[in-house]
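The structure appears right after this line, and notes come after that.
Chain identifiers are assigned alphabetically (A, B, ...) following the order of the sequence lines, protein sequences preceding nucleic acid strands; residue numbering begins at 1 within each chain.
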Amino acid sequence: SQTIHQWPATLVQPVGSPLSLECTVEGTSNPNLYWYRQAAGRGLQLLFYSVGIGQISSEVPQNLSASRPQDRQFILSSKKLLLSDSGFYLCAWSLGSGFQSFGPGTRLTVL
Amino acid sequence: DQQVKQNSPSLSVQEGRISILNCDYTNSMFDYFLWYKKYPAEGPTFLISISSIKDKNEDGRFTVFLNKSAKHLSLHIVPSQPGDSAVYFCAASGQTGGSEKLVFGKGTKLTVNP
C-alpha cells in the first residue's frame, strides 16, 4: 500500500533562517506531488505541484521554492524565512485521478 | 477569485442529529468533487467524492449531493457523532493541464455536541 511521509513534524525557526521540508511517497511510481499550506484560520492553499522529476509548477509567488530530485521525493525550501511563512505544511500525492492523499503535515513556527 | 466557497466557517449540531455542510463552486469545468475531514495538527483524510455524472453518492453515514445547475454540493452526516467534530474541506477538480489540481474551500468547522 502507498504511504506518504513528511518530516520534521514540527519546526521552530528564527526569521531569516533557511528551511527544508521533505516529503517522500512509498508504494507507487510517478505520482503527482503537491505542497499546500494551511495558515491560521485559513483553508488549504496550493503552493507547488509536480508531475515528474525536475518539473515544478508554482501557484503563488512567495518566499518559498520546491524541488523534486527523485520520483517520490518532494522538497520545500526557503533561503530566508519570513514571519508570514508560519503555518501547517502539507504534502500530497495523486496518480492523476483527482483524488489526493495527504501526509501528516509539518507545523512551522517562525519567530 | 474563490472558485470553491464554503460560506459557513462553523456549524454546531447535537449528537444523533443531521449535519449538513454546504459548498458552492463557480467553475463549470469542475467535474469531480471531494470532501476531506481534518483534525488539528493532522493531514486531511479523504471522506467521500462524487463525479459530475451523478447527483448523489452514499457511504455509510455520509452522503454527498451534487446540484450541477446550482453549482452546489452538500455533505450530509446522519447520525452525527462527537467523533465527527473536525474541519471539513470541500474540493473540486477538472480535467485541466493534466495535473489534476484540487481547488479547496476554506473549510467548515463542525462541532458535534454530546
Side-chain angles (χ1 to χ4, degrees), chain A residues 1-11 21 23 25 30-52 55-60 66 68 74 86-109, chain B residues 1-10 21 23-25 27 29-54 57 59 64 66 73 86-109:
Chain A
S1 64
Q2 301 91 357
T3 56
I4 180 169
H5 304 279
Q6 284 186 248
W7 62 89
T10 60
L11 191 60
L21 302 181
C23 169
V25 181
N30 198 30
N32 294 337
L33 297 173
Y34 309 84
W35 277 113
Y36 289 87
R37 176 171 60 202
Q38 184 185 18
R42 303 187 66 179
L44 296 174
Q45 181 186 34
L46 179 62
L47 303 176
F48 301 95
Y49 67 93
S50 171
V51 299
Q55 193 281 334
I56 307 293
S57 295
S58 174
E59 286 296 291
V60 292
R68 186 171 177 174
F74 207 22
S86 293
F88 193 58
Y89 289 83
L90 290 155
C91 181
W93 71 274
S94 78
L95 290 178
S97 65
F99 168 77
Q100 293 179 16
S101 292
F102 285 83
T106 294
R107 169 71 61 192
L108 172 65
T109 303
Chain B
D1 177 26
Q2 207 176 339
Q3 298 187 70
V4 177
K5 300 178 184 179
Q6 294 178 256
N7 292 318
S8 297
S10 63
L21 298 106
C23 178
D24 298 291
Y25 62 97
N27 190 337
M29 297 301 291
F30 288 146
D31 58 7
Y32 185 55
F33 304 89
L34 309 91
W35 285 94
Y36 283 85
K37 175 180 179 181
K38 186 182 181 300
Y39 293 116
E42 295 183 11
T45 55
F46 170 74
L47 200 55
I48 193 169
S49 65
I50 188 166
S51 164
S52 60
I53 62 173
K54 302 174 105 175
N57 190 24
D59 184 3
V64 56
L66 176 62
L73 64 155
V87 176
Y88 289 78
F89 289 98
C90 169
S93 75
Q95 296 293 325
T96 56
S99 66
E100 305 298 342
K101 291 189 291 183
L102 291 179
V103 180
F104 283 86
K106 291 191 175 182
T108 296
K109 183 177 181 179

Rounded distance (nearest 0.5 Å) linking atom NZ of Lys106(B) with atom CD of Gln38(A): 12.0 Å
How would you list, by chain and number, every residue that makes a ring-ring contact (aromatic ring centres under 6.0 Å, His included) with Tyr36(A), sequence neighbours excluded? Phe102(A), Phe104(B)
Quick check on Gln6(A) against chain B: is it the side chain, the backbone, both or neither that has a heavy atom closer than 4.5 Å? neither
Toward chain A, the part of Leu102(B) with a non-hydrogen atom under 4.5 Å: both
side-chain contact (heavy atoms from CB on, under 4.5 Å) filter on Ser86(A), not counting sequence neighbours, yields Val110(A)
Here the pair of heavy atoms bringing Phe99(A) nearest to Tyr32(B) is N-CE2, 3.9 Å
Shortest non-hydrogen pair, Phe88(A) vs Glu42(B), comes out as CE2-O, 3.4 Å
Checking Leu90(A) against chain B: side chain, backbone, both or neither under 4.5 Å from a heavy atom? side chain
For Lys109(B), which atoms come within 4.5 Å of any heavy atom of chain A: side chain, backbone, both, or neither? neither
